[in-house]
Each structure stands twice: as structure tokens, then as C-alpha cells.
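See below for the structure under consideration.
The sequence lines fix the lettering, A, B, ..., with proteins before strands; numbering per chain opens at 1. Atoms considered below: every heavy atom in the structure, side chains included; atoms not considered: hydrogens, waters and symmetry mates. Keep in mind the model is a prediction, meaning the values are calculated, not measured.
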Protein chains: 2
Amino acid sequence: MTLKEDPFKANFDSLEEFADRISDLLQCPITIEDANHRLIAYSAHDDYTDPARTATIISRRVPEKVINSLWKKGVIPALLSSEEPLRIDTISEVGLGNRVAVSIWKNNEVIGFIWALETERTLSKEDMELLKKAAKAAKNKVLQLYMRKNKREERVQEFFWKLLTGHIKTNEEIKENFDMMQIPTASLFSVFVFRFASDITNDLEKQISYVLQTTQQIQVLLYTVDRNDFILLAAPKSPNQPLYEFNQFIASFATKMKERFHINSIQSSFGGIYETFEHIEKSYKEALTVLSMKEKFPEQTSSIYGYQQLGMYQFFDLLLEKKRQGEFTNSSLAKLQAYDDKHHTNLIETFESFFDHDSNVNETAKALNIHPNTLAYRLKRIAEIGEIDLHDINQKVKLYIDIKLAKYEALH
Amino acid sequence: MTLKEDPFKANFDSLEEFADRISDLLQCPITIEDANHRLIAYSAHDDYTDPARTATIISRRVPEKVINSLWKKGVIPALLSSEEPLRIDTISEVGLGNRVAVSIWKNNEVIGFIWALETERTLSKEDMELLKKAAKAAKNKVLQLYMRKNKREERVQEFFWKLLTGHIKTNEEIKENFDMMQIPTASLFSVFVFRFASDITNDLEKQISYVLQTTQQIQVLLYTVDRNDFILLAAPKSPNQPLYEFNQFIASFATKMKERFHINSIQSSFGGIYETFEHIEKSYKEALTVLSMKEKFPEQTSSIYGYQQLGMYQFFDLLLEKKRQGEFTNSSLAKLQAYDDKHHTNLIETFESFFDHDSNVNETAKALNIHPNTLAYRLKRIAEIGEIDLHDINQKVKLYIDIKLAKYEALH
DNA sequence: ATTAGTTTTGTGGAAATCCACAAAACAATG
DNA sequence: CATTGTTTTGTGGATTTCCACAAAACTAAT
């Protein structure tokens, strides 16, 4: 095979050099990414590049909206299932001009992509063939990067577990490690847990990792896997609305996993949002608490992900313990329960739902499929039978908590 | 002194005999009571007696409404301050006909009363003198009764303390003791604690005891004193509305102590209402909890006496403990607090009051002396600053509890 | 099947709450 | 002292809630 037949036979010092070589041959700007769409290398001395490429180079990763759009158009799935180069037409919404892409393979796995922008000229069939060869030639270089990353990854994982289990106590020590491993630090962070239906396989881990790496809604600091839990330390992009950002992230994570990999039924949560790293263990535990509560109160907590949002459920374990010791007997609840049992009524459920719906008569009636007047009548009955004053928030809160607690106890 | 001059010089086997003797001499029905208006003896073979006397004999105590009325008219205070016989005109509301009364004294203390009904005839001045002598002669007999009672009282007190401190465990053993000491048992009961401003003196104890003995709103089973606490085991008259009865009793106890003995500022409470005697210790502890909560949350708990009514405050000690361990951090509260501190606003107080008033805008505005619109504005601000959803009852309850808890912690 | 008691649904008008907007008061700042 | 941002008060009208009463449906027991 002559150099003309395989122009990438030569050795290259760096991937940058390699990118320049392709660029020279094809006469168009070249970008090389890893499997997670992080920039590995790009050709220099290009006259024109489209906004998407510029943004990619600046932030050293492909912008999320571009990735999203490529998924939606089916580009990435196609690249992941074939070694053939693929032409992508302009997607002007995300600043993407015409281009050709090819995936870089190692065994049966995609480990990167090469992009060629068709700014000045359109690639011919031969050019496409050349690009395919380039992808094959790039394999080893990209793989080396991967290996190095993996080794580092192992050390980082060990460190993360130490943090999660509270084996590193002082903030200085933690910061030192962060610096040493070149993990970015953040002023605010929280631990996320994504619980999958079954144990997380290597493939699944890669897919999750892919979604995380390409998500730019949050800043990923560290992550690891524990059986069917995917554990993540992450920081918000801006410190103003961390809660909102985190919730957004969880929602989009779920939809992405579903749309792209057909994985549903992920239970997600995150712990408290803290400023100092000593609280990582705490945040992790809190995230686990949220998951356990979501299991026990699916309806109530369906839209709750953060420990903050867990509200009063935060101390249910504590209360349950005392309840078990026979502490909090509630005669109102006992009376209502007795009445419900005897007359097959739903007074307790009615009260619970009413309180759940912020004491809004109409909403509650709708939720229970009853007439608002029926609700009013039942409430009057509840006050009579349970001997409670429905204007006394204290009694109401107590009854509400006791109802939830009884449910919780039944499930536990 | 001849028998004619002092016709009571002779010995009498019983107080009944003594009552008959007075009755013979004065030609009218005679009733002898102890200091607590319990019937000690009464003359037989009387043709006519008024309804008040009949009721007294039947129930072996003067009906409460009669006592109340006698206090109101100033009769009892007069009898307690003078040895002279006193004529009382008909009080038809309570079925009391014309009569003459005299108190029985021992040293400087009244230990009983003699009542002479003027059914057939009106007593002359000489008759009144005779009655006074009778009162003097009755002293020793009545005193003997007292002594016997006191001895029994001591044993009973010891027993009660064992119950309060949980030193008698089994229900059978407790019942046995109750029977042995001839204390009436009841199907429902609770422990009351009345806390006075200073240590309870002998005099005060007698006054309290007097009010208790003459109260017929509840059934007094046992009582004792612990420094400035008066501890009482009592049962409701009927098992239907124990809560209501107990609350009524506490209110009337307070007014009576105030009106009759000018003692205000009694803190009252009662524990859980139970059916089996093993729970006496628990009920006592609960009553103490109520008092401690009343001390810490005077406004919120001013109309609360029963442990039941304490509602969510029941588990505040528990929560505080966890809070101390740094468990429940509430970033919403923290943010609101920071804002309040910086801008000298009252967001937290506003929210607290709003929740206290069952989310009623008008009431809250009135309580805070602000315009309802101001309240609406503040609530909007609270939602923004604290990042909480004011339609989410869970978050609201949590914030509310955290606010109260912070107050509680500050006080403790 | 009848009946008494309880529960649910329907109706209409009084009362209250909610909402958007404007105006005024206030505090902090340079 | 003028400016700026925040907070409070005022107003009018749309909307919702509340309440009392009547009617209908349902349940359990005779």
C-alpha cells in the first residue's frame, strides 16, 4: 500500500498534526471528538468555520443543544451503528453547517468521531473513502488517550468512595486531592443518585456517562457506580438557582436516557446542597433518604428529587421510631379510623387529600372525584368525629403527619 | 355547767346521734359537713327537707352549684372568717330554703359546718347560741374523722407516687391497691398537673384540695404535691367527651382559685387520656411535657391543656435533638433569615403568623397590623426569596416546623 | 319492600378572596 | 437632596368560595 493509497500510514506526533493532515487532504476544517463529544483535536488555519464548530473549540466540547439536535435527527444513532461516513445537512437552529462525519471504532465500540466541514467544497465519494480510512488510522491515538484516562479514572473512583463514606474528613485534605487529580472544584455541590431497575452493566455505565458528559446543565465533578445506583457529585452552573438547575437536570437526564437508550424507570434524587466538601457524605446519605422516601410515598414524592424538597418527610424515620415505642397516639385518628372501618367511609383519605392539596376545596374534590359540597360535608363530619378543630393548624398538621406516619409504618 | 346550759356535754357514740340531738333541740333538720362540704352526718326523721339537702344526702356531698352559689353570695367566706352562726335566705335557683349555718373550728382552721334548716320554724337568738355551742361540741368528733383520713391519706400518697414514677407495673397489682385503699376506679383517666408560681404551702394545698373536692365536673381519684406542682389523677364524669370535660374543669378550676383565693397564674395541663393504669406514669410525663411547651410557646399553646391538643409540639424535643446534630438544615429558612437580617423585614414572622392563622389572609393581616395586600405582597416575596412553593403543603409544613424549632432552640 | 339514617349532589345568592395596577411611603446611597 | 429600589396602601372588578337548604341517592336493618 503506497502512501497515496493510505496517506495516514505515517506516524504522527500528535492528534493535532493528524487533524491538520486530514484537513490538508480534504481541504476542509476537521474536528476530532471522543465518544463523549469532547474535543480531542482540530485542524488549524481554517478560513471559515460555522458557529457550532467555533463553540465546540472554545468550550472544548460540543454544545449540548447541538448534540441534542444530532440525536433528534438520528445522526448519532446512525454513526454509532455504522462505520460509514455520513453527510449531515445544515441545521441552522444550532449553527451547524453542512458536514460529513465518521465514527472511530475499537472492536465493537465507538471511541470517537471525526467531523469534516463542507465550507468551501463538497466532499466527493473518494473523499468520503479517505475520511473512513482516517477514522481507522485515528483509532490507536484515541485509544491511548482513553487508556490514560482510565487509569486516572481508577484513582479518582477510589477517592470518590472515600469521600462518600466519610473517610477523608478535613476540608484541606479533600481540596488537596481535588487539585492533585485535577478535578474542578465548585462553590456549591450536591450528590445525586440514579437508581436503575437492575444492576448497572458496563454498557449502561458508558451510556449514563455519555449523557452526563454531554449534558451541560450541570458541572460533573465525580461519579461512580454501586450495584444499581449511579452516584454523581455535581455542581450547578450558576450559584443562584441550584435547586431549579438540579431539578431541570434530573428531568432532562431521565428523558435522554429514555429517548436515546430506551431506559425508563430511573429513580433519581439528590441530597442537600452544600458549600464545603466535608458534607459530601451527608449529601449522599440524604440522596439515599430521598430515594427510600420516594419508594414509600410514591404519589406524594413523585415530583420531589432534592432532599430540601422532601420537607417534613425528612424526619419520618425518626418519628416512626418513636411511634413504634408507643409515643404518639392520636385519638382523633383512632376515632376516624374506627368510623371509616365501621361505615366504609373515606374520612381519613379525604382529610389527607384535602391537606395534600393545600386545603383547596375544588382541587381536592376533583382529585377525589367528588362534589365540592360532599367534601365540605365530609370535613364537617371529620371535625365532629375526630373532635378536631379544622381551623387549628397545629391539630391539622399533627393529624396529617400521623396519617402519613401510619401509612409509612404499614409499608416499612 | 348543767346539762341544760350545755346540752352537748354528754358523750355521743356517733355524729349521727349528735345530729339527731341538735335536731331534737332546735326542732329542725340538721346536716353536718366537713370542710370540703362532704356529708358527715345528718338528722333522721325529718318531715320536710328542701331539694338542696336531699341532693346533699343522696350524693353524700353538697352539689357544686349550691357551693358555687354560696360562695357568690359571700356565705362561705363569712363562715370561714367567723365562728358566729349565720342566717341564709332562700336561694331558690339552687333549691336552697331558709337556713342557719355555723362553722366548726379547730385552732384557726375551719374543719366543718353545721346546717339547720328553718322549715317549720325560725330560729330564735337563743337557738342560734345553742347552735354555736353545738359547733364547739362537734369539734372533737369531726377531728377524729380527720385524723383517720390523714393516716389513710399518707398511705395513699405513697401509692400514688409509686404510680407516677412507674414503680408498680402490672395492672392487676395496681387494681388491687386501688381496691384495698377504696379508691374508686374509672374506665378513663388522665394525670393533671397544676403548676403554681411558688412552692405549695399547707394552706394552699388545703385550698386546692377544697376546690377539687367540691368540684363535681370530674371524678378525683388521687392527688399529691411536688414542690410547686399539684398533681392529680382524675376521671371524666362520662366517657363520651373526656377532652371537653377536662378542658372545662381546668378553666373552672382556674377561675375558682382566682375568685375564691385570689391565686392567679396557675399553669395547668393534663396528659394523655388512657384506659389502663399502667399508663399513669406516661400520662404524668405528658402533662409535664405540656407544661414545658406552654412555657416555651406561650402564645401558641395558651389555649392548650391536654397532651392531645399539643399536636405537633409533641415531638419537638425529639426534633430539637436531631437539629442539634445538624440534621435538618433548611436553606429556605436560612435565606429568609438572611434577608430579614439584612433588610430589617419580617418575612419569617409573617409566614409563621400566616400559618398560625390557618392561611387566612384577613385574620393574619389583622394580627400583624398590616394591610391584607401587604401580606399578599410579602408572601410573594417569601416564595421568591425562600425558593418555596406556597401551594406545596409539605414544604410549608417543613418551613413552619423549622421556624418553630428555631424559636424553641433559642429558648431552650 | 319499607324505613330511618346517612351521604351525596344541585342551586342561588352573599361574602370573601384574588389580582393587576397605581400611588404613596420609606430606606439607603452617593 | 435627588435617585433608586423596595415596601406598603388603596381601588375596582373578576373569580372563587362559602353557606344554607332542598332533593336525590345510597345503606343497613327490620
Side-chain angles (χ1 to χ4, degrees), chain A residues 239-241 332-393 395-396 399-400 403, chain B residues 240-241 332-393 395-397 399-400 403:
Chain A
N240 302 327
Q241 296 194 299
S332 294
L333 180 54
K335 281 172 195 153
L336 291 174
Q337 186 67 63
Y339 193 89
D340 271 358
D341 287 346
K342 193 172 174 191
H343 298 276
H344 308 289
T345 48
N346 306 311
L347 297 186
I348 292 178
E349 187 200 358
T350 302
F351 177 86
E352 185 189 356
S353 182
F354 183 61
F355 214 73
D356 276 339
H357 292 90
D358 198 26
S359 302
N360 183 308
V361 175
N362 271 320
E363 269 185 44
T364 313
K366 227 171 273 172
L368 291 174
N369 282 320
I370 58 174
H371 193 279
N373 277 359
T374 305
L375 177 57
Y377 170 76
R378 284 192 192 168
L379 288 174
K380 206 184 280 176
R381 248 25 258 296
I382 288 168
E384 283 171 29
I385 292 165
E387 281 191 77
I388 79 159
D389 176 1
L390 285 181
H391 295 293
D392 181 345
I393 192 67
Q395 286 182 50
K396 285 200 290 186
L399 179 57
Y400 183 66
I403 290 175
Chain B
N240 301 327
Q241 298 195 298
S332 295
L333 180 54
K335 282 172 196 155
L336 291 174
Q337 186 67 63
Y339 194 90
D340 271 358
D341 287 348
K342 192 171 173 191
H343 295 91
H344 307 289
T345 47
N346 306 310
L347 297 187
I348 292 177
E349 187 200 358
T350 303
F351 178 85
E352 185 189 358
S353 182
F354 183 60
F355 214 72
D356 276 339
H357 291 90
D358 199 27
S359 303
N360 183 307
V361 175
N362 271 321
E363 268 184 44
T364 313
K366 226 173 273 171
L368 292 174
N369 282 319
I370 58 173
H371 194 279
N373 277 0
T374 306
L375 177 58
Y377 170 76
R378 284 192 192 170
L379 288 174
K380 205 184 281 176
R381 243 33 253 295
I382 288 167
E384 283 170 28
I385 294 165
E387 279 192 80
I388 78 159
D389 176 0
L390 285 181
H391 294 293
D392 182 345
I393 192 66
Q395 287 182 50
K396 286 200 291 186
V397 165
L399 179 57
Y400 183 66
I403 290 175

Study note, to complete from the structure: What one should report as the nearest heavy-atom pair of Ser353(B) and Ala367(B) is OG-CB, 4.4 Å

Practice item. Considering non-hydrogen atoms only, spot the tightest contact between Glu363(B) and Asn360(B) and give its length. Key: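 Heavy-atom minimum between the residues: N-OD1, 3.0 Å.
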
Practice item. Begin from the C-alpha positions of Arg378(B) and Asn346(B) and carry the test side chain to side chain contact (heavy atoms under 4.5 Å, CB included) through to its verdict. Key: CA-CA 9 Å; Arg378(B) 284 192 192 170; Asn346(B) 306 310; 4.2 Å; yes

**Study point:** N/O (side chain, Thr374(A)) to phosphate O (OP1/OP2, dT7(C)) under 4.0 Å
**Key:**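 Answer is no, no contact under 4.0 Å.
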
Rounding to an integer number of Å, can you tell me how far [X] [atom1] sits from [N] [atom2]?
X	N	atom1	atom2	value
Asp340(B)	dT6(D)	CG	C1'	14 Å
His371(A)	dT9(C)	NE2	C1'	5 Å
Tyr339(A)	dG5(C)	OH	P	13 Å
Leu390(A)	dC19(D)	CG	C1'	16 Å
Leu375(B)	dC19(C)	CG	C1'	14 Å
Tyr377(B)	dT8(D)	OH	P	7 Å
Asp358(A)	dT17(D)	CG	P	12 Å

Exercise for review: Please identify each residue that fulfils ring-ring contact (aromatic ring centres under 6.0 Å, His included) with Phe355(A), with sequence neighbours left out.
Suggested key: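 For Phe355(A), the residues satisfying ring-ring contact (aromatic ring centres under 6.0 Å, His included) (neighbours in sequence not counted) are Phe351(A), Tyr400(A).
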
Review point. Quick one: bend of the helix from dA1(C)-dT30(D) to dG30(C)-dC1(D) from 5 pairs per end, to 10°?
Key: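 End-to-end axis angle: 40°.
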
Filtered N/O pairs between nucleotides 12-17 of chain C and protein, under 3.5 Å:
{"unit_1": "dA16(C)", "atom_1": "O3'", "unit_2": "Asn362(B)", "atom_2": "ND2", "d": "3.1"}
{"unit_1": "dT17(C)", "atom_1": "OP2", "unit_2": "Asn362(B)", "atom_2": "ND2", "d": "2.8"}

Check your understanding: Quick one: are Thr374(B) and Leu368(B) in side-chain contact, heavy atoms under 4.5 Å?
Key ->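 A side-chain contact is absent here, since even the closest heavy-atom pair is not under 4.5 Å.
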
Protein-nucleotides 24-30 of chain D N/O pairs under 3.5 Å:
none

What is the distance from atom [atom1] of [X] to atom [atom2] of [Y], rounded to the nearest 0.5 Å?
X	Y	atom1	atom2	answer
Ile393(B)	His357(A)	CD1	NE2	12.0 Å
Thr350(B)	Leu336(B)	OG1	CG	10.0 Å
Asp358(B)	Lys396(A)	CG	NZ	3.5 Å
Leu347(B)	Ile382(B)	CG	CD1	5.0 Å

Practice item. Using the salt bridge (charged side-chain N to carboxylate O under 4.0 Å, His left out) rule, take Arg381(B) and Glu384(B) through it: C-alpha gap first, then chi angles, then the decisive distance, then the call. Key: CA-CA 5 Å; Arg381(B) 243 33 253 295; Glu384(B) 283 170 28; 3.2 Å; yes

Practice item. Could you tell me which residues satisfy salt bridge (Lys or Arg N to Asp or Glu O under 4.0 Å) with Glu387(B), sequence neighbours excluded, listed by chain and number? Key: Lys335(B)

Check your understanding: Counting heavy atoms not belonging to His391(B), are there more than 12 under 6.0 Å from its NE2?
Key -> no

Check your understanding: In residues 378-385 of chain B, which ones come under 4.0 Å of DNA chain D, going by heavy atoms?
Key ->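 Contacts with DNA chain D under 4.0 Å: Arg378(B), Arg381(B).
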
Practice item. Starting from the C-alpha separation in whole Å, work towards a yes-or-no answer on side chain to side chain contact (heavy atoms under 4.5 Å, CB included) for Leu379(B) and Leu375(B). Key: CA-CA 6 Å; Leu379(B) 288 174; Leu375(B) 177 58; 4.2 Å; yes

